[in-house]
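What follows is a short report on a single structure.
All chains are named by letter (A, B, ...) in the order of the sequence lines, taking the proteins before the strands, and each is independently numbered beginning at 1. When reading the values below, keep in mind they use all heavy atoms of this one structure, side chains included, and skip hydrogens, waters and symmetry mates.
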Amino acid sequence: MYPIVRKEIFSPTVKLFDIKAPLVAAKAQAGQFFILRADEKGERIPLTIADFDREEGTITAIFQEMGAGTKRLGQLEVGDNILDVVGPLGVPSEIERFDGPVAIVGGGVGIAPIYPIAKALKAAGNEVFAIIGARNKELLFWEEKMASVSSKLIVCTDDGSYGRKGFVTDALKDVYEANSNLNHVWAIGPMPMMRAITNVTRPWGVKTIVSMNPLMMDGTGMCGACRVQVGNETKFACVDGPEFDGHMVDFDLAMKRLSIYKDEEKRALAALEHQHQGGGCGCH
Amino acid sequence: MSLKQRADRQGMPCQDPQVRRHNFQEVALGYTKEQAMEEAGRCLQCKKPKCREGCPVEVLIPDFIQAVADGDFAQAAVLLKEKNALPAICGRVCPQESQCEAKCIVGIKSEPVAIGRLERFVADWEMRQGATLPEQAPRKGKKVAVVGAGPAGLTCAADLAKLGYDVTIFEALHTAGGVLMYGIPEFRLPKDIVEQEIDNLRKLGVEMQFNSVVGKATNVHELLANGYEAVFLGTGAGLPNFMGIPGENLCGVFSANEFLTRTNLMKGYCFPEYQTPVKVGRKVAVLGAGNVAMDAARTALRLGAEEVHIIYRRSEKEMPARAEEIEHAHEEGVQFQLLTSPVEIIGDENGWVKAMKCVRFELGEPDASGRRSPVAIPGSEYIMDIDTVIVSIGTGPNPLATKSVPDLELNRKGNIVADEDGRTSIPGVFAGGDIVTGAATVILAMGAGKKSARAIDEYVMAKTAEKAI
Ligand SMILES: Cc1cc2nc3c(=O)[nH]c(=O)nc-3n(C[C@H](O)[C@H](O)[C@H](O)COP(=O)(O)OP(=O)(O)OC[C@H]3O[C@@H](n4cnc5c(N)ncnc54)[C@H](O)[C@@H]3O)c2cc1C
Ligand SMILES: Cc1cc2nc3c(=O)[nH]c(=O)nc-3n(C[C@H](O)[C@H](O)[C@H](O)COP(=O)(O)OP(=O)(O)OC[C@H]3O[C@@H](n4cnc5c(N)ncnc54)[C@H](O)[C@@H]3O)c2cc1C
Ligand code: SF4
Ligand code: SF4
Ligand code: FES
């Protein structure tokens, strides 16, 4: 059992948990994720390790309520237990002291996974330009935390309700104009955002790492649900990634693959609503 | 009695094919007491029982069968368990026709004694009585780590616990059983049977640490440094192969592992009460013809597919699945496209499978081994209307655990190199089951776990004696 020891509500659909999982916290590194199963009947849900505290034995997850699984998760409170937590999974980010500044771009809940990477890059002695963005002010979080691990932070909102109005891609272009010796870019967020960033950086020839979030199940390389096409190769995001060279990833295919269970997800949401009205599914 | 006069083999009562293709309940129902005693009476009680040579763990076959014939099922269970820790499972899933029963002398003139079915009968009978725990040696106060809770790891852990070791199993998934839980479907191996066996392990004092990926949360050298005297690796062959043909990443193409795990382990057939969805279209192609392919095909039918095709490059004779499973699949309406192989999966504008291009084969001249290998017939390409493809062409070793032990010797394919008793290139590290042999069988994995337990005991005892000097 893995108790939730802290909960923070950033917006009606974006929430943070600190979960007690000492063995995961002991080994966690930037760029890695974990998989949880809330209860006996739950799905296995992959989430990034947004932060960790080895002494307290806790890991931090920030999640957006998308479908039935994450909505149910959002209903849990401090003191509730999560049945299963497995991790850390995936290959850690390759952190080194780069020759030239690096840029870190986080969109939406992508701000969560970008934070530990920025922190590690800064700790390794890099000049870190951070750009975070969201649709509106309500969906932004961790501005101060991001500021503490970057040399410069740019905050954007699509609607201009906070910070600079516009997309993170525009902010990145400005950073590049002022720093054409930019060495590496990390971009994490919704797939369309990551694709847009890679399109921007491709002509510059700046290595751009993205973190893929395909459907997953086991997280150990056993099922292949998490297949992504990278160049001519098929990779399993859970064991070969989740970070890949963004210029090589087939985003179009990746986005289509996210919709495999669309119909079922709708049914699950409907069932969740129904349950609130006191119904059951009559499956047994 | 001469061989010719032997009574017919007792048939296995089964659910009707038309009924069972719509449910997940067990297909084979098991012998009644009368049937079991009748069948046991067919055994000749050979002085030099050939059947035992066919069994990888040398079950005391004539002895337990005699006890069944005598109606002393409790004694039969004791005899059976002397060599086989998981008889309820082996009686159901062993490829008996190519092992014990293949060697049975009665099989020369008539059908062989139904050893597997008798084994299952005895194990089920015992479970209903509430199994008694085997004797345990006094605690030794020594720790051993077992990695992977498949049949190899479970058997190794059970034997070590019986010898008095404190055993901890580290398992990546949230439950024990390995392929027995996530791969082999409920209708062939009910999960409560696997759970009972695992419960017995707990009663022996074996600790199970789930959600522990060795190679990530911990690793072999760390375990050895943390007071474990030895480590057994039973991590299986869980990595799915794909064909490498165009279109394989389209929506609607699944590995058999994904399809079966969603259904079995995550109980996708109870969606949405159980929250993991599983998808099956109307027209399903299953690539491959092993046990895994049969399981996937029969699962697809049960989830509501209208048409399910097994696509296999060779002919019926070469299909690697157990005979009984092929027969059951036929009865349930699975269609077999033999001497056929896919060359491309074709998608629609939304990235979903809509068809598959196949090519037909014919059997060529026999090769050096005498096997006629299939050759493609030029110009025989045709299109099959398909909306789901389940790839079931085998699995390889999962490298997560071994990658974290760079000094461990592996073969070219990534399997761990180990001797007969599971000793690897690192003292104190043992391995067995599919991770050593490549995808094989439950009974072989169990046999490997058993031998390793013995070797681990020897190793730890020798080490202790050395220290004492
Ligand atoms: C390595 C990894 C790290 C992740 N880290 C985070 C994180 O830190 N915070 C966070 O909020 N989410 C993260 N995700 C995504 C998260 O796992 C999914 O949003 C979640 O599984 C959706 O489950 P659900 O049952 O609520 O929605 P579902 O009912 O399954 O789906 C609802 C909608 O969400 C989309 N969706 C489903 N799965 C994913 C997915 N894996 N990625 C993106 N969209 C998806 C579907 O297309 C659908 O439109 C991560 C995913 C991966 C693979
Ligand atoms: C669908 C299907 C049907 C089959 N049907 C039959 C049949 O009818 N008859 C038969 O005899 N055989 C059958 N087999 C084959 C048989 O199941 C296997 O040969 C057998 O299970 C191998 O046992 P094992 O203990 O070596 O590995 P597995 O059963 O694969 O167990 C390995 C375990 O190790 C865990 N693991 C892996 N990596 C790690 C890690 N790094 N850290 C921690 N844990 C880890 C896995 O999660 C798993 O639980 C079938 C296989 C499949 C897939
Ligand atoms: S364990 Fe398998 S091979 Fe051995 S006797 Fe039993 S069914 Fe036959
Ligand atoms: S070979 Fe057949 S007849 Fe002989 S002991 Fe074995 S099961 Fe009985
Ligand atoms: S999630 Fe199953 S292989 Fe990656």
Can you find a side-chain donor-acceptor pair between A/Asp218 and B/Thr261 that sits under 3.5 Å?
no

Would you check if the side chain of [X] reaches a backbone N or O of [Y] as a donor-acceptor pair within less than 3.5 Å?
{"X": "A/Lys41", "Y": "B/Pro272", "answer": "no"}
{"X": "A/Lys27", "Y": "B/Ala217", "answer": "yes"}
{"X": "B/Asn257", "Y": "A/Met222", "answer": "yes"}
{"X": "A/Arg227", "Y": "B/Glu248", "answer": "yes"}

Can B/Arg262 and A/Glu264 be counted as an ion pair, charged N to O under 4.0 angstrom?
no

Who passes salt bridge (charged side-chain N to carboxylate O under 4.0 Å, His left out) against A/Glu77, sequence neighbours left out?
A/Lys7

Could you look at [X] and say if it's the side chain, the backbone, both or neither that has a heavy atom under 4.5 Å from chain B?
{"X": "A/Leu253", "value": "side chain"}
{"X": "A/Arg72", "value": "side chain"}
{"X": "A/Ala68", "value": "neither"}
{"X": "A/Phe34", "value": "neither"}

Where does B/Val253 contact chain A at under 4.5 Å (heavy atoms): side chain, backbone, both or neither?
both

Relative to chain A, which segment of B/Phe259 carries a heavy atom at a distance below 4.5 Å: side chain, backbone, both, or neither?
neither

Contact summary for B/Trp352 and A/Ser259, nearest pair of heavy atoms
CZ2-O, 4.2 Å

Can you name the closest pair of heavy atoms from B/Gln209 and A/Leu23 and give their distance?
NE2-CD1, 3.5 Å

Checked B/Thr276, B/Asn249, B/Leu239 vs chain A; the most non-hydrogen pairs under 4.5 Å come from B/Asn249

Looking at chain A, which one of B/Gly351, B/Pro240, B/Gly238 has the largest number of heavy-atom pairs inside 4.5 Å, strictly under?
B/Pro240

Top residue by heavy-atom pair count (under 4.5 Å) with chain B, among A/Gly221, A/Ala270, A/Gly87?
A/Gly221

